[in-house]
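Model, not experiment: these values are computed from the prediction.
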Amino acid sequence: ALWNEPVMSPYGLYSHIRANRIRSIVLMVGLFLLVYAMSFAGGLLAAALAFDNATLNYLIDVARDLFLSSLPIVTIGTLIWLVIAWQFHQRMIDALVRGHNVTRKEQPGLYNLLENLCISRGIPMPKLKVADDPSLNAFATGLHQKQYAITVTRGLIDHLNEPELEAVLGHELTHIRNGDVRMLVIAVVIAGVVSFVGEIIFRGLVRTDMRGPSSSSEDKRGGGAIAIVIALGIVAVVWILSIVVRLSLSRAREYLADAGAVELS
């Protein structure tokens with residue numbers, strides 16, 4: 001009778017992890033599309049400011065040509081931004097939170113807890129860092145095996161007992177095992193690109209307004225005003241979506257990290 005049962009896909013922690021990785025890849029592609037949408041909005045705004053007496057269709061055509069011509073530059077610029085984050089994000093984080101590497105001699109209890117968790121699952125041990133901060137916090141960072149690190153604040157070490165610290169380390173270690181850290185860092189970086197481009201567009205518009213209108217009342221009857229409204233609408237929607245995507249990546253993975261901490265400990 002058992003052989004006649006229909007084959008069902010596995011359902012549990014690891015199937016959730018696989019499904020979450022697929023969703024994350026889709027969301028990452030979506031973040032790149034948001035960068036391109038922001039670029040098109042910038043082109044539309046530039047066209048509207050340059051030809052505000054033209055029709056809306058003409059301005060859209062100009063914006064499309066500007067977008068296509070700038071597509072390689074936008075793509076390369078985004079990739080360069082990612083490369084910089086790939087190489088230097090850990091140094092930036094350490095400088096911001098005052099984190100530093102610790103050895104077994106400096107933090108024997110904490111070091112042994114993390115080492116035992118890694119040995120129990122055959123996981124390469126990430127770097128262990130301590131941040132001189134009284135708040136209760138811990139986080140994982142890194143984009144590849146040589147960069148992976150878990151940072152624990154001094155306040156967390158002082159206030160939690162050994163089983164509690166083990167649970168926290170298991171949670172952060174699961175983020176590394178599941179590839180969450182890499183995805184979240186890339187998501188934050190791309191969201192930063194979106195915010196950066198949006199800031200440039202906003203500042204350009206403000207400076208143009210400060211110089212005063214350059215067209216007559218007759219010119220303003222063209223499609224320039226409508227194009228500006230559309231461009232600003234795209235900027236606002238893209239900016240909000242980038243935040244939503246980043247938060248959805250983070251929230252969906254916290255529950256899996258909790259479950260992974262239970263499994264590890």
So do the side chains of Ile150 and Thr141 get within less than 4.5 Å of each other, counting heavy atoms only? no
Under the side-chain contact (heavy atoms from CB on, under 4.5 Å) test, residues paired with Asp65 that sit two or more places apart: none
Other than Ile119, which residues form its hydrophobic cluster under the rule that side-chain heavy atoms must be closer than 4.5 Å? none
Any non-hydrogen side-chain atom of Leu173 less than 4.5 Å from a side-chain atom of Cys118? yes
Under 3.5 Å: donor-acceptor pair, side chain of Thr151, backbone of Val130: no
What residues form a salt bridge (Lys or Arg N to Asp or Glu O under 4.0 Å) with Asp61, not counting sequence neighbours? Arg64
Give me the other members of the hydrophobic cluster that Val262 sits in, counting Ile, Leu, Val, Met, Phe, Trp and Tyr linked by side-chain heavy atoms under 4.5 Å, directly or via other members. none
Excluding sequence neighbours, so at least two apart, what forms side-chain contact (heavy atoms from CB on, under 4.5 Å) with Leu241? Leu34, Val237
So which pairs with a foot in residues 131-145 pass salt bridge (charged side-chain N to carboxylate O under 4.0 Å, His left out), sequence neighbours left out? Asp132-Arg154
For a side-chain contact (heavy atoms from CB on, under 4.5 Å) check, start with the C-alpha distance between Asn101 and Leu128, then their side-chain angles and the critical distance, and finish with the verdict. CA-CA 6 Å; Asn101 294 334; Leu128 180 61; over 6 Å; no
Under the side-chain contact (heavy atoms from CB on, under 4.5 Å) test, which residues partner Met92, sequence neighbours left out? Ile84, Phe88
If only atom types and distance count, is the side chain of Glu172 paired as donor or acceptor with the main-chain N or O of Ala140 below 3.5 Å? yes
Any pair with a residue in residues 91-109 that passes salt bridge (charged side-chain N to carboxylate O under 4.0 Å, His left out), sequence neighbours left out, goes on the list, sorted by first then second residue, please. Asp94-Lys129, Arg104-Glu115
Co-members of the apolar cluster containing Ile73 [side chain, <4.5 Å]: none
I'd like to check the side-chain contact (heavy atoms from CB on, under 4.5 Å) partners of Val74; sequence neighbours left out, ordered by chain and number. Val35, Tyr36, Ser39, Ser70, Thr78
Provide the full list of ring-ring contact (aromatic ring centres under 6.0 Å, His included) pairs with a residue in residues 153-174, sequence neighbours left out, each pair given once. His171-His175
Once you round to the nearest 0.5 Å, how far does CG of Leu156 lie from CD of Glu164? 9.0 Å
